[in-house]
Chemist: 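One structure, as structure tokens, below. Some questions next.
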Amino acid sequence: MSTVRTRFAPSPTGYMHIGGMRTALFNWLWARHHGGQFVLRIDDTDQQRNVEEALEPILHAFNWLGLDWDEGPEKGGDFGPYFQSERTELYRAAVDRLLAEGKAFKDFDPPEVTQADREAAEKEKRNFLNVRRSLDLTDAEREQYEAEGRPFVVRFLVPRDAGKVSIDDHIRGHVEWDCGLIPDPVIMRGNGMPLYNFATVVDDAEMKITHVIRAEEHLTNTAVQVLLYQALGDDVPEFAHIPFVAAPGTKEKLSKRDKKLEKYRKNPQFQKLFDLADRVFPQIGLGSSETLNPVMVKYYEEIGFLPEAVLNGLSRIGWSLDDKTEHMSLDFVVENFTLDRVVKSAAGLDPDKLLAYQEYWMGQKSLEEKVEYCLPYLVKAGRIPAEPDEPTRQFVGRLIEALGDRLKLFSDILNYEEYFVADNEMTYDEKAFQKRLRKPEDVAPLLAEFREELAGCDDFSADALDSLLHEWVEKKEIGMGRIIHALRMATTGKPAGPGMFDCLALLGKDRCLARIDRTLALLQEG
Ligand code: GLU
């Protein structure tokens, strides 16, 4: 086989869709699996907005995941330009060739006429085919129309008598269409702008793309595209139409439309990702789930997923190695990726699975790496200075260590505000304050007494504090429960968190004493 060349052709939309990312990943994997090339080509012919700005998030998503492209924006390559808006001459030349060979025609019928033809066909319950009136024009008439500047579109002249057009799709198998049933598609507007079906074929052919791996919704375009390759005398690439990424727990294509997003917020599996956004993003100046939602790749980066986890998750949407291997590094997937293991049916994005991958890949990270990932959250939330000094970094490291597997996403570090606020600004969980501090009768004297034990303690390590408290409750002949909850509430304001002794050790003696004193004062105030 010649060198495998795949491509991904996004429109610059200002964000990277997670489903599109999965399509891109499969293209990338197939190219890498074969030691071939992966091309990024920008479908910007219809672009009104600033392309560079709208493309940035897309390139960023590739960079974040570590999916490099061999040719495309910023890189160039032998088959450029890689922006369709810069390839107009190529499309025009190809159109001229088809026109000259009688394989395309200028259709001067106004859109209303074509629409009326279509409606008539519908009414008579027959398949619509273009009436091709413009083919009956004489050369003189055609020249006159053109001289008058009469509007037209260029249509491909579908070879209606060619029998069947077919592909052997890597995923869908043999698919065929009857050429006699295919309307003549517009391939270029009167203003010289090419349409998707045509530009794609010209580009894929010029760029020597060997495999077109794309979303299954494009299967309907494939008949015309294959006919266009043939008309242009180009090799037809191989196709793989992959199932779309469905919304969690559904068979519906994941969409970024507002109406759908409203639905997703109430989807039991999806909801938690939206809730996370609404809790985390406002703290780090990123708006809320209104601005960044889990349909976008950026969401996962900003909420604190590891690229490894997202890649693992995306690889497994509609593809598996076998029925047991779950955790796969990108290298491992590259080695094992084959199109014959892609399923035909829609495959859902699974937030729980993604979180499970995240937990696994988080477990593979060193403490230093976790610190590096967590620091920016604390900085953005204003909990630590923009350039944290060494003691701050160490403190964060100790907190992360104490959190253990409670730290699932890097943004989880924001749940532990109590370690970053001044002692007199720590807030208390109200319900737990009532239950653990206000209600139990003798809690204040016990707390005051144990405060003195802490004050006299020189070794503030978790182990030493553990022994200190155990010996003290034994001596006092009281149950551990009488003091430990109160102590946690008094020092952290929260009913749960890392191990109690880790909390005390983390805060250190002075802060623990200050917090206990403040709590005792509050209790006295009544
Ligand atoms: N720009 C097209 C899309 O995003 C590309 C389709 C294709 O891969 O042919 O749907």
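Only this structure's heavy atoms are used, side chains among them; waters, hydrogens and symmetry mates stay out. Remember, predicted model here, so these are calculated numbers, not experimental data.
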Chemist: Determine whether a donor-acceptor pair (N or O, by modelled atom type, separation under 3.5 Å) exists between the side chain of Lys75 and the backbone of Trp69.
Modeler: yes

Chemist: Judged by atom type as modelled, is there a donor-acceptor pair below 3.5 Å linking the side chain of Lys408 to the main-chain atoms of Asp405?
Modeler: yes

Chemist: So, Arg132 and Asp117, do they make that salt bridge, N to O below 4.0 Å?
Modeler: no

Chemist: Out of curiosity, Leu286 CG to Ile303 CD1, how far, rounded to the nearest 0.5 Å?
Modeler: 9.0 Å

Chemist: Tyr91: which residues meet the ring pair (Phe, Tyr, Trp, His ring centres under 6.0 Å) condition with it, sequence neighbours left out?
Modeler: none

Chemist: Using the side-chain contact (heavy atoms from CB on, under 4.5 Å) criterion, which residues pair with Glu71? Sequence neighbours excluded.
Modeler: Arg5, Gln37, Val39, Phe79, Tyr82

Chemist: Looking at Ala24, is its backbone amide N or carbonyl O close enough to the side chain of Asn27 to form a donor-acceptor pair, meaning the two atoms are under 3.5 Å apart?
Modeler: no

Chemist: Could you work out, with side-chain contact (heavy atoms from CB on, under 4.5 Å) as the rule, every residue matching Thr138, not counting sequence neighbours?
Modeler: Ala140, Glu141

Chemist: Where is the tightest heavy-atom contact between Pro57 and Met16, given as atom of each residue plus distance?
Modeler: O-CB, 4.2 Å

Chemist: Compute whether any side-chain donor of one residue and acceptor of the other, for Glu326 and Tyr357, lie under 3.5 angstrom apart.
Modeler: yes

Chemist: Between the main-chain N or O of Glu290 and the side-chain N or O of Ser288, is there a donor-acceptor pair closer than 3.5 Å?
Modeler: yes

Chemist: Examine distances only and state if a side-chain atom of Asn197 and a backbone atom of Gln225 form a donor-acceptor pair shorter than 3.5 Å.
Modeler: no

Chemist: Could you pull out the closest heavy-atom pair between Gly313 and Leu354, with the gap in Å?
Modeler: CA-CD2, 4.1 Å

Chemist: If the condition is salt bridge (Lys or Arg N to Asp or Glu O under 4.0 Å), which residues does Glu369 pass it with, not counting sequence neighbours?
Modeler: Lys365

Chemist: Which class fits the ring pair His327 and Tyr360: parallel under 30°, tilted 30 to 60°, perpendicular over 60°?
Modeler: parallel

Chemist: Report, one line per pair, each donor and acceptor closer than 3.5 Å where one atom sits in a side chain of residues 151-167; sequence neighbours left out.
Modeler:
unit_1	atom_1	unit_2	atom_2	d
Arg155	NE	Asp107	OD2	2.6
Arg155	NH1	Asp184	O	2.8
Arg160	NH2	Asn130	O	2.9

Chemist: Run the ring-centre check on His60 versus Trp64 and record whether the distance is less than 6.0 Å.
Modeler: no

Chemist: Is a salt bridge present between Lys272 and Asp352, judged by a nitrogen-to-oxygen distance below 4.0 Å?
Modeler: yes

Chemist: Spell out, as yes or no, whether a donor-acceptor pair under 3.5 Å connects the side chain of Arg87 to the backbone of Pro81.
Modeler: yes

Chemist: Checking the side chain of Arg133 only, and the main-chain atoms of Asp109 only, is there a donor and an acceptor separated by less than 3.5 Å?
Modeler: no

Chemist: OG/Ser411 to CZ/Phe305 distance, rounded to the nearest 0.5 angstrom?
Modeler: 9.0 Å

Chemist: Please enumerate all residues that pass ring pair (Phe, Tyr, Trp, His ring centres under 6.0 Å) together with Phe105, with sequence neighbours excluded.
Modeler: none

Chemist: Would you find more than 12 non-hydrogen atoms of other residues, nucleotides or ligands less than 6.0 Å from Asp322 atom CG?
Modeler: yes

Chemist: Side chains of Phe274 and Leu261: does their closest heavy-atom pair fall under 4.5 Å?
Modeler: yes

Chemist: Is it the case that the side chains of Asp44 and Ser85 hold a donor-acceptor pair, with the cut-off being a distance below 3.5 Å and no angle test?
Modeler: yes

Chemist: For the residue pair His211 and Phe26, is the inter-centroid distance of their aromatic rings smaller than 6.0 Å?
Modeler: no

Chemist: Is there side-chain contact between Val175 and Thr222, with at least one heavy-atom pair below 4.5 Å?
Modeler: no

Chemist: Working to the nearest 0.5 angstrom, can you tell me the gap between Phe410 CZ and Tyr377 OH?
Modeler: 8.0 Å

Chemist: So do the side chains of Tyr264 and Val295 get within less than 4.5 Å of each other, counting heavy atoms only?
Modeler: yes

Chemist: Looking at Arg32 and Asp68, does any basic side-chain N land under 4.0 Å from a carboxylate oxygen?
Modeler: yes

Chemist: Quick check: does any side chain N or O of Arg22 sit under 3.5 Å from a backbone N or O of Ile317, one acting as donor and the other as acceptor?
Modeler: yes

Chemist: May I ask you to test the Arg316-Lys353 pair for a side-chain heavy-atom distance under 4.5 Å?
Modeler: yes

Chemist: Got a sec: does the NZ of Lys344 have more than 12 other heavy atoms crowding it under 6.0 Å?
Modeler: no

Chemist: Under a 4.0 Å N-O cut-off, is there an ion pair linking Arg142 with Asp139?
Modeler: yes

Chemist: Working to the nearest 0.5 Å, report the span between NE2 of His17 and OG1 of Thr23.
Modeler: 9.5 Å

Chemist: Is it true that a side-chain atom of Trp319 and a backbone atom of Thr338 form a donor plus acceptor pair closer than 3.5 Å?
Modeler: yes

Chemist: Could you tabulate the donor-acceptor pairs under 3.5 Å formed by side-chain atoms of residues 328-337, not counting sequence neighbours?
Modeler:
unit_1	atom_1	unit_2	atom_2	d
Ser329	OG	Phe332	N	3.1
Asn336	ND2	Phe332	O	2.8

Chemist: What residue among Asn293, Leu254, Asp350 forms side-chain contact (heavy atoms from CB on, under 4.5 Å) with Phe270?
Modeler: Leu254

Chemist: Look at Lys259 together with Glu262 and state whether they make a salt bridge at an N to O cut-off of under 4.0 Å.
Modeler: no

Chemist: Calculate, to the nearest 0.5 Å, the distance between atoms CD and CG belonging to Glu101 and Asp96 respectively.
Modeler: 11.0 Å

Chemist: Please enumerate all residues that pass salt bridge (Lys or Arg N to Asp or Glu O under 4.0 Å) together with Arg150, with sequence neighbours excluded.
Modeler: Glu148

Chemist: Testing the basics here: between Asn127 and Gly180, what is the closest heavy-atom pair and its distance to 0.1 Å?
Modeler: ND2-O, 4.5 Å

Chemist: Who are the side-chain contact (heavy atoms from CB on, under 4.5 Å) partners of Pro237, not counting sequence neighbours?
Modeler: Val212, Tyr229, Phe239

Chemist: Determine whether Phe83 and Pro73 make a side-chain contact, defined as any pair of heavy atoms from C-beta on separated by less than 4.5 Å.
Modeler: yes

Chemist: Taking side chain as C-beta onward, heavy atoms only, is Leu67 less than 4.5 Å from Leu311?
Modeler: yes

Chemist: Could you check whether the rings of Phe62 and Phe8 sit parallel, tilted or perpendicular, using 30° and 60° as the cut-offs?
Modeler: tilted

Chemist: In plain terms, say whether Glu252 and Lys263 are close enough for a salt bridge, that is, a side-chain N and a carboxylate O under 4.0 Å apart.
Modeler: yes

Chemist: For Arg189, give me all partners under side-chain contact (heavy atoms from CB on, under 4.5 Å), at least two apart in sequence or on another chain.
Modeler: Asp46, Asn191, Met193, Leu195

Chemist: How close do Pro294 and Ile18 get, counting heavy atoms only, and between which atoms?
Modeler: O-CG2, 4.0 Å

Chemist: Knowing that exactly one of Arg214, His218, Glu216 qualifies, which makes a side-chain hydrogen bond (donor to acceptor under 3.5 Å, both in side chains) with His241?
Modeler: Arg214

Chemist: Taking the side chain as everything from C-beta on, heavy atoms only, tell me whether Gln358 gets closer than 4.5 Å to Leu306.
Modeler: yes

Chemist: Is there a side-chain contact between Ile171 and Ile213 (heavy atoms, below 4.5 Å)?
Modeler: no

Chemist: Can you tell me if CG on Asp275 sees more than 12 non-hydrogen neighbours from other groups inside 6.0 Å?
Modeler: yes

Chemist: Say you draw a straight line from OH of Tyr196 to CG of Asp203; how long is it, rounded to the nearest 0.5 Å?
Modeler: 10.5 Å

Chemist: Excluding sequence neighbours, so at least two apart, what forms salt bridge (Lys or Arg N to Asp or Glu O under 4.0 Å) with Glu124?
Modeler: Arg126

Chemist: Which residues satisfy the salt bridge (Lys or Arg N to Asp or Glu O under 4.0 Å) test with Lys251, sequence neighbours excluded?
Modeler: none

